[in-house]
Amino acid sequence: MPAVLEMTQVGPMPGDPSKLEPSTSPRQIQILKNNYYGIEVINNVVYQGWEPGREYTKNIVLKNVNVKTQKIKYKNPKSRFYTTLFPKPVVLSAGTSFSLPITFRPLEKVVYEDSIEFHTKDGVFEVPITAVLPQVDITVPEFLDFSMCAAKDSVETIFEVKNSGDLETKVEWEVGEPFTIDPPAAILKSQQIKKFKATFKPENASVFEAEAVCKYGNELNLGKVTKLEGIGKYPHILISLPGRPATTLNKDNLEATVEFGGAPVGTTLQKYIELHNLAPVRAPFKVEHPTRLSRIDTVFDCPQKAGIVPPMGSIKLPLTYNPHTVDTTSIDYFHIVAIGNISKSVVKCQGVSKGPFVQLSSPTINFMQIDSGRIGTKTIDIVNNSDVDAQFQFMIDCEESVFKFEKLTGTVRANSTITVIIKFFPVHPINYYKRLACIVHNQGPLFLDLIGTCHSETVKPAVLLSKHLDRYKCHVERGLSTYPPEELNELVRSNKLEIDDAGAVMIPETEVEHPHNPQSIHSVHPMDEYFNDGFHCEVINFVPHVSLETNNIDFGNCQNIRTIENKVINITNHTKGKITVQWMGGHEKTFCVMPLSMDIPPLKSCAFQVTFKPNAPNQFYGSELECFAYYKSLRDFRLVEDTTHFPPWCLNLTCSGQTFLPNNETFLPRYTLDTSRLVFPAVNTKESAYRTLQMRNNGTTPIFFDVQKDPNNVYSVKPAKALMKGEMMTFVVKCTPAEVRTYKHNLMLRLNDNEKYNKELEVWGSAESPEVLLDTDGCLYFRETCIGTFSKQCYTIKNVSRIPLRFEWKFKFADKKLLSVTPDCGIIQPNENQTHAWSFTPTSKEKYVMKPSLIVWGQGFSSTSSGGKKKEFNVRAIGEGTIGDIKADQTYIEFGDVVVGSSACKTITISNESTCSLHYELFIEQTMTGPYPEELTLDDRIALQLERTEGILPARSKHVIMATVKPVRRVQYQFSVSYKLVTPEATTSHPTATEPQHLCHVLTTGVFPVMAVTDARCYGSAIGISKKQLWGLFSLDNMNVCLDSDPSAEELRYSVATRHSHHRRPPVYTRAILDFNFSAAPVGSEPCIVNLMFENTGTVATDWAFLFPSDLQLELEYWAETGEFDEDELHEMKVMDNKLFSVEPQEGKLQPGECRTVTFTYRHNMTGTDRLPVLLKLARGREVLLNFIGVTVEAERNYIHFPSNKHLFTPVPVGEKSSPKQVYELYNGGAKTVKFTFDLAPLELLQQENFDQPVFECLTPFGEIPPGRSLAVEWRFSPIEAKTYMVDVPVIVDKGDTAIVTFTGVGYDKRIMGETMPMTDQSDLTGVPGVQSAIVPGQLVYLSQERLSFGNLPLFSRARRMVFVSNRSKENDASFEWHVTSQSDAQYLSISPVRGYLAPGESRMCRLKM
């Protein structure tokens, strides 16, 4: 519940809740029920809303919730203001209740407090009774969480405030920005609930917390606090085309291009873009169209001007394209602006308008000869080759013309054809020729040449053909058409004129001094040919042969149809021959011309009267009268020659009038225009642009229209004044701007001669000159650039004119080597922003100011016109050339030891402290130090690989390059990393660009995982074998050499996990094959247990495993097993099945310097010699094949164990007077004492061969060996020559097998070898460690040294050594005693003390004398 606060009178600051003090209110007491001794009763009785002098009663309900009946007594309240029933005992059975009424009679407005006391047999309890005064109190929410809201946006929430007090109170809110509460103040009646609106409107992205204080009370001296919390987030809108998921967008998606493609003029295409909001808050946005008001030809629009993108969502935004002019490429831009202008994205819209492409099936229709009064019929096809519907209209009045069209107006559907029937109904026997315009809406006019000839019984003119029309056009171009045919014929006969190959008359070239090349009829634009008739505009394409004074006669309002004044019209003959004018129609027509036929002399004019004879009042009348003028000499075919047969000239006169009486209004025109706004394409000054306008008559009466003339003579319309009889009229509007500016005009269409029906048509046009807008006021800045490299910069130009512009960048000669731009020329469409990529390549260390210029001119315009004149815009480009260097953060990077074949990665950080970007290339030089010859390592690949070896390092920045070393040999690698600046664009003599500069050293060592046996200890059945013997039996010196050597490629091929084979005998890939000889022992004796201490002597961790044949073999299905097992395979299976050999642990991992004891066990369970190949494999290291060999002897057998049948003595120099004794040890592996004898006969034979000199002497040729013990047999080797001596000596075992041992000795010449081969001190003990590290179970006492070497001593000299005996046990006492195992050695060696006692942890020193 909110805390209740009371305002102090110290004058607090507004809205400061720290100045509010809590006030207490009895209303905060909540009524609950309590259980006293099994009686359930209310917690208290409270009287509220009472008045003095009245009586109020409330009940106290007592309920027995116990399982037994209870007896209750009570006492009356002490105060006289509270009364109740007379006290008497109340008996309540289980589950029953009793109501005790309490009556309250107040006398004044004070707080009354009392209580009523109840007694049960279990105890006493009280129920307080209180009468409280009316209080002011409100309930407000403790906390309002607005969650997250976009910056500049707002979030609203509605909450309630309740007046929980008894009095009416005023509440007033005080809250700080960015929170507001509306309304800020209100008046609440008692128990009234009022709703308030809280608004959160953050200005930036941060967490906002505030406290809203609600003051209340009569003097607003009380207050309660509501905590407000909200988070502001910046919205970010990304735009994309539809269907592209938001996960593919990034911060670069700030511009999208919407291609509308081709759209028919007058239609509207709609496409969508998607707005993605990747923020957790909604993103209000608005759509800005910057060019909407500034350009007159805006064709793109966005119907939705604003909206909201939901959090983590997207919406589609529609864009429309409504082209107005044909064959125009339009480009425009929309800005999608997030709320508060926090972010802005650009949408580029591009579209091409297209109009219909309509053709006539034939340009000419010739009705040939038709008799007067008869009708000729032909057809013409109107072909629409586009995918746009086309509206057409033939500009002819069929009621007055001799050519009658079945259909004057209509629509040709896309890619379709319609056929129009044309009838020829001549009356007068003359030639007929009419060049008729067919106006196609949004395309322009098509011209149809209508030809016909009429004969009567008396008059028969020559038949007019199409070839005559073609020749006539040639005569017009040659200026011969104003001469009458008879005169041209005479000139041809007199050879003053010639006939060309086409049959047309021509002037001989020899007589032509100045060839006259008038404008060709065929080169006139169709719109110009249609419009430029001298009446609708002041321009005419050719001087006419015959002309009317005016083409439009308006009789106005003729209220008295009986007396209408005639109009006079003059026709002028501009030729040099007599012509005849023949009007069509007759006296019965509403409009007629008198006379119908008249001859006009050369270069003369004649007047004709035009009469208007309406037949009804209140009507509009209009007609287009038609007349044909021709040379009079062409009236009869006998007077005509084929070469000079000219067609007639057709003249049209538009007549109109009306007969509405004064009190009658003209008809209400019911029509529609296809547009109320015409925008013309941009043109040059004094050139023309055309647009077509369609009016449809939706009523049943004709419409008389009169287009008011533009006073500026910029805009004109054809037809300008006529009576629209059909359902459609196509107007051609012409715009001819006089200067470079935009023209806006309201064309006034006066309809039905009534001002009420006037219609204004808004027309826009402009004459343009090339204008572009350069970005950044024409300044282009390049960042500082390294010499010989280039920096890129984008520069934007905008075509602010309405015409497509061609552009070309020009450079000064000195700037051509420094600057380049792509594209350097091209076309920029109207309103298009085009971004060009510039490159700046400095050649020296200096500052450059370059001045390229942009030349623009209108595409397709003449160089002398306003749009085609070339305009130059200058750009000021500023750049600076500089140089820099690259440094590495670490000069030396140590990778440490890396296993050969593996890799290690570290980062090399290079930095560029200069002010320019540097293009660099890195080089690596590798140096190896190791035991390999240079020829072998010459072709090794570089063991250091860089993530990138070239790149661009921006100014004042760093690149982190991942470096990976992959050593291929066990050598020390040193890599020298250097760089060279890449300057491909120029040659510079700066040292950093010509020679590699040192960057850093990278050091690493390629290693293999290695380990070595550092100690060996045996017990069990091998307790009698010395460490020296064990070292030899297990070939530990050779094993350490093998483990420390390099593995072959075959050994590295497989790991422990993949070292499997499906062969019964897994293949062996190593040449390191050693014997582990477990010696011999009787059957049933203790197992031979050997502890080898393995130590990781390398610098990397070593994973090792002993793999038995079963570990290397893949188990095959029974059906896949083939062949029989050989003897060796059966033997291996027997050994493994009986588990005669075991290794514990079989695999492990040693960290550098770590030691581990491995226990090898051979069990003497079965007699015989047991062999088992076991593979010791180091991960990423060597493989050593260990042949486990053990012998188990029968109990009664005499057996001496020979580990090898060869023995090599220590080399002895030739000529020694007394050779040293050497020892050969024999080991009794049986259970009985063995007697042996050396057969010395081979020695005697060798002695005879060497001049009777004893080369080998056996000093102990026979003896006895106790079970499980060794005996040292003394030998002396005395060579007499520097060579190798070998002898095979049989060793005879009593009641046992005889063995032959090959003894070998090497004699050398001391004079030649010198001191290089001295007699070594204990050479046979070189690899045997002198300190015990392998643990034997139960061993308490240890020696500081197990083996002592006294070296070579002179005879009768004395040497001393010290040995410490230590008790390593922490609990047990130990005693020791020395025994010399050989009696012969006891006379040379003495030990003191011989025995002793050691407390736990104690050590004692013993002295040895030799």
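Under the 4.5 Å side-chain criterion, counting only non-hydrogen atoms from C-beta, Phe1034 is in contact with Val1090. With a 4.5 Å cut-off on side-chain heavy atoms, Asp1170 and Ile1189 do not count as touching.
Counting heavy atoms of neighbouring residues, nucleotides and ligands inside a 6.0 Å radius, atom CZ of Arg1071 does not exceed 12 of them.
By the 4.0 Å N-to-carboxylate-O rule, Asp1297 lies close enough to Arg1197 to be salt-bridged with it. Taking 4.0 Å as the cut-off between side-chain N and carboxylate O, Glu1196 and Lys1232 do not count as a salt-bridged pair. Salt bridge Arg1182/Asp1044: absent, no basic N to carboxylate O contact under 4.0 Å.
Between Phe1188 and Tyr1162, a ring centre-to-centre spacing not shorter than 6.0 Å is recorded. Between Phe1303 and Tyr1224, the distance from one ring center to the other falls under 6.0 angstrom.
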_Residues Phe1262, Phe1238; criterion ring-ring contact (aromatic ring centres under 6.0 Å, His included); working and verdict_ = CA-CA 6 Å; Phe1262 53 86; Phe1238 280 88; over 10 Å; no

*asked:* Evaluate Phe1108 against Phe1141 for ring-ring contact (aromatic ring centres under 6.0 Å, His included), listing each step before the verdict.
replied: CA-CA 10 Å; Phe1108 285 76; Phe1141 293 102; 8.3 Å; no

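Results of the side chain to side chain donor-acceptor pair (under 3.5 Å) test with Ser1270 over Gln1029, Glu1225, Lys1028 single out Gln1029 as the only residue that passes.
Proximity of a side-chain donor or acceptor of Thr1102 to a complementary backbone N or O of Val1010 within less than 3.5 Å is detected.
The ring pair (Phe, Tyr, Trp, His ring centres under 6.0 Å) search around Tyr1342 returns none, not counting sequence neighbours.
Nearest approach of Leu1092 to Ala1016, heavy atoms of both residues: CD2-CB, 3.5 Å.
Evaluation of the side chain to side chain donor-acceptor pair (under 3.5 Å) test over residues 1083-1092, restricted to residues two or more places apart or in two chains, returns Asn1091-Thr1159.
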